Amino acid sequence: MTDEHQHRSDRPAADTGPRLAPLPEDSWDRSTRELLAPIPRDADGHLANIFTTLVRHPGLFRHFLPFGSHLLREGRLPGRARELLILRTAYNTRAGYEWGRHVPLARAAGVTDEEIRRVGAGPDTQGWTPADARLLRAADELHRNARLSAATWSALAADHDEAQLIAITMLVGQYHMVAFFLNSAGTPLEPGYASDALPGPDGALADTAEGGHGHG
């Protein structure tokens with residue numbers, strides 16, 4: 001490692017912007033355009049900042065996208081279960097970008113606005129069905145202990161097959177990894193997704209600033 005590289009890596013990020021800025025479209029070369037071509041654009045015609053930031057590592061991006069897309073689009077879990085796991089993981093990792101992008105997906109999967117607000121309060125809060133509470137508890141145990149307890153595994157196995165049990169652990173792990181990257185890079189949440197604030201650490205709603213910048 002050169003002195004110049006070490007200095008660049010150790011330099012603290014400015015509070016006013018991302019540590020790694022999304023790559024602007026006028027800077028995309030042919031290879032970048034090919035990598036980003038399969039990804040649907042947002043309503044404003046732009047690609048999500050997660051992709052235009054991660055594409056700065058083209059080799060990793062090429063392998064990351066099929067795996068992430070499989071978990072999100074082709075996985076064995078029902079959409080509602082998937083999005084509850086992702087939202088609880090976003091809450092646990094303080095990942096405002098992840099939260100903001102997945103609230104609309106959760107709504108589309110049938111999670112109500114009241115349930116979305118309740119995700120921050122956790123699995124023991126009144127109102128969850130036993131099945132939903134088990135999913136939130138699984139996300140919490142994986143976050144806290146890197147494993148499911150025997151009781152939670154057994155409870156999940158009552159209504160999930162083997163492939164779904166694997167998917168639950170891999171999905172939570174995937175969104176931890178995404179949160180690590182986005183939180184560290186300071187990837188800004190697109191303005192069109194910033195209206196749903198990440199709940200505060202105590203489960204209360206935070207202001208939109210926390211959910212809108214620098215989180216995964």
Side-chain angles (χ1 to χ4, degrees), residues 42-43 48 50 68-69 71-145 148-149 151-161 163-179 182-183 189-213 215-216:
D42 289 342
I50 178 176
S69 297
L71 286 173
L72 187 61
R73 307 294 181 193
E74 304 161 33
R76 294 287 300 273
L77 294 173
R80 176 185 171 85
R82 180 193 69 229
E83 294 304 323
L84 284 174
L85 287 166
I86 293 172
L87 287 181
R88 185 62 181 173
T89 299
Y91 171 81
N92 284 335
T93 56
R94 311 310 303 144
Y97 188 99
E98 207 164 85
W99 179 274
R101 294 292 308 198
H102 277 271
V103 163
L105 296 177
R107 289 188 180 117
V111 184
T112 68
D113 284 350
E114 195 278 329
E115 289 170 330
I116 290 168
R117 287 191 292 270
R118 201 194 308 147
V119 164
D124 297 323
T125 302
Q126 226 174 10
W128 294 118
T129 67
D132 289 345
R134 284 194 287 270
L135 290 168
L136 298 177
R137 190 166 292 111
D140 285 359
E141 289 182 2
L142 289 167
H143 175 72
R144 184 173 59 247
N145 302 322
L148 295 175
S149 67
T152 298
W153 178 274
S154 178
L156 289 169
D159 47 17
H160 295 87
D161 62 26
Q164 289 175 320
L165 291 170
I166 293 170
I168 287 169
T169 60
M170 295 294 283
L171 181 75
V172 173
Q174 156 80 352
Y175 279 90
H176 273 79
M177 180 176 67
V178 171
L182 291 168
N183 286 353
L189 181 61
E190 296 79 11
Y193 290 84
S195 59
D196 294 290
L198 177 73
D202 60 354
L205 285 178
D207 58 31
T208 31
E210 180 179 3
H213 175 76
H215 298 80

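Numbers for residues simply follow the sequence, beginning at 1. Keep in mind that this is a model prediction, so the values were computed, not measured.
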Worksheet entry | Beyond-backbone contact of Glu190 with Asp42, side-chain heavy atoms, under 4.5 angstrom | yes
Worksheet item: If only atom types and distance count, is the side chain of Trp128 paired as donor or acceptor with the main-chain N or O of Gly122 below 3.5 Å?
Response: yes
Worksheet entry | Under 3.5 Å: donor-acceptor pair, side chain of Tyr91, backbone of Gly96 | no
How far apart are the closest heavy atoms of [X] and [Y], and which atoms are they?
X      : Y      : answer
Arg82  : Leu72  : NH1-O, 3.0 Å
Gly100 : Tyr193 : O-CD2, 3.6 Å
Tyr97  : Leu189 : CD1-CA, 3.5 Å
Arg76  : Ala163 : NH1-CB, 3.4 Å
Asp140 : Pro123 : OD2-CD, 3.3 Å
Ala139 : Asn92  : O-ND2, 3.8 Å

Quick one: [atom1] on [X] to [atom2] on [Y], what's the gap to the nearest 0.5 Å?
X      : Y      : atom1 : atom2 : result
Glu115 : Leu84  : CD    : CG    : 7.0 Å
Leu198 : Leu87  : CG    : CG    : 9.5 Å
Arg117 : Thr112 : CZ    : OG1   : 7.5 Å
Leu171 : His176 : CG    : NE2   : 11.0 Å
Arg94  : Asn183 : CZ    : CG    : 9.5 Å
Arg80  : Leu85  : CZ    : CG    : 11.0 Å

Worksheet item: With sequence neighbours excluded, what pairs up with His160 under the side-chain hydrogen bond (donor to acceptor under 3.5 Å, both in side chains) test?
Response: none
Fill in: Residues Trp99, Val103; criterion side chain to side chain contact (heavy atoms under 4.5 Å, CB included); working and verdict
CA-CA 6 Å; Trp99 179 274; Val103 163; 3.4 Å; yes
Worksheet item: Should we say atom CE of Met170 is surrounded by more than 12 heavy atoms from elsewhere, each under 6.0 Å from it?
Response: no
Worksheet entry | His143/Val172 under side chain to side chain contact (heavy atoms under 4.5 Å, CB included): CA gap, chis, key distance, verdict | CA-CA 8 Å; His143 175 72; Val172 173; 5.8 Å; no
Fill in: Partners meeting side chain to side chain contact (heavy atoms under 4.5 Å, CB included) with Thr152 (sequence neighbours left out)
Arg137, Ala138, Glu141, Leu148, Ser149, Leu156
Discussion item. Going by the rule side chain to side chain contact (heavy atoms under 4.5 Å, CB included), which residues pair with Ala157 if we only count those two or more places apart in sequence or in a different chain?
Written reply: Leu165
Worksheet item: Is any side-chain N of the basic residue among Asp132 and Arg88 closer than 4.0 Å to the acidic one's carboxylate O?
Response: no
Discussion item. Salt bridge or not between Glu83 and Arg107? Use side-chain N to carboxylate O under 4.0 Å.
Written reply: no
